[in-house]
Asks: 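Encoded as structure tokens, here's the structure I'll be asking about.
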Amino acid sequence: TKGRPMSVRWTTKELVSVLEKFCTSPEGADARVSLAVPMGFGSRPNTSFDIKKIDLVPNTIIGAKEKYRLIIVIQEL
């Protein structure tokens with residue numbers, strides 16, 4: 001599976017473990033990292049978020065040197 005299916009509170013150890021798995025392939029190791037935020041992000045200051053999932057997806061930006069992006073999707077607590 002590409003990412004964790006449901007939002008849970010991740011420990012640092014779990015997050016590092018997931019990121020290390022992405023680094024086992026050249027695509028994952030060289031992927032640009034992006035953060036996908038929910039609609040209305042920033043409208044309420046000091047909002048906390050959990051990581052919902054992490055996915056490796058093809059980079060569709062024309063002219064980008066990275067072929068893949070590691071997308072971290074977050075959701076409000």
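Quick note: residue numbers are just sequence positions, from 1. Nothing here was measured: the structure is a model prediction, and the numbers come from that model.
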Asks: Measuring from atom CZ of F49 to atom CG of L35, what distance do you get when rounded to the nearest 0.5 angstrom?
Replies: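 Answer rounded to 0.5 Å: 9.0 Å.
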Asks: According to a 4.5 Å side-chain heavy-atom criterion applied to Ile, Leu, Val, Met, Phe, Trp and Tyr, with indirect links allowed, do L56 and V16 form part of one hydrophobic cluster?
Replies: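 L56 does not cluster with V16.
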Asks: Indicate yes or no: at least one non-hydrogen side-chain atom of I54 is less than 4.5 angstrom from one of I71.
Replies: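 No; the side chains remain at least 4.5 Å from each other.
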Asks: Tell me every residue that passes side chain to side chain contact (heavy atoms under 4.5 Å, CB included) with N59, counting only those two or more places apart in sequence or in another chain.
Replies: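 Counting only residues at least two positions away or on another chain, N59 forms a side chain to side chain contact (heavy atoms under 4.5 Å, CB included) with I61, A64, E66, R69.
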Asks: Using distance only, find each side-chain donor-acceptor pair of residues 18-31 under 3.5 Å and give its atom names and separation, not counting sequence neighbours.
Replies:
unit_1	atom_1	unit_2	atom_2	d
T24	OG1	K21	O	2.7
S25	OG	G28	N	3.0

Asks: When you look at K53 and D55, which way does the salt bridge (Lys or Arg N to Asp or Glu O under 4.0 Å) test go after all the steps?
Replies: CA-CA 7 Å; K53 65 179 179 174; D55 282 329; 3.4 Å; yes
Asks: When you compare the side chain of I74 with that of D50, does any pair of heavy atoms fall below 4.5 Å?
Replies: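 No, their side chains stay 4.5 Å or more apart.
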Asks: Mind checking whether V73 and I51 have side chains closer than 4.5 Å, heavy atoms only?
Replies: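 Contact flag for V73/I51 side chains = no.
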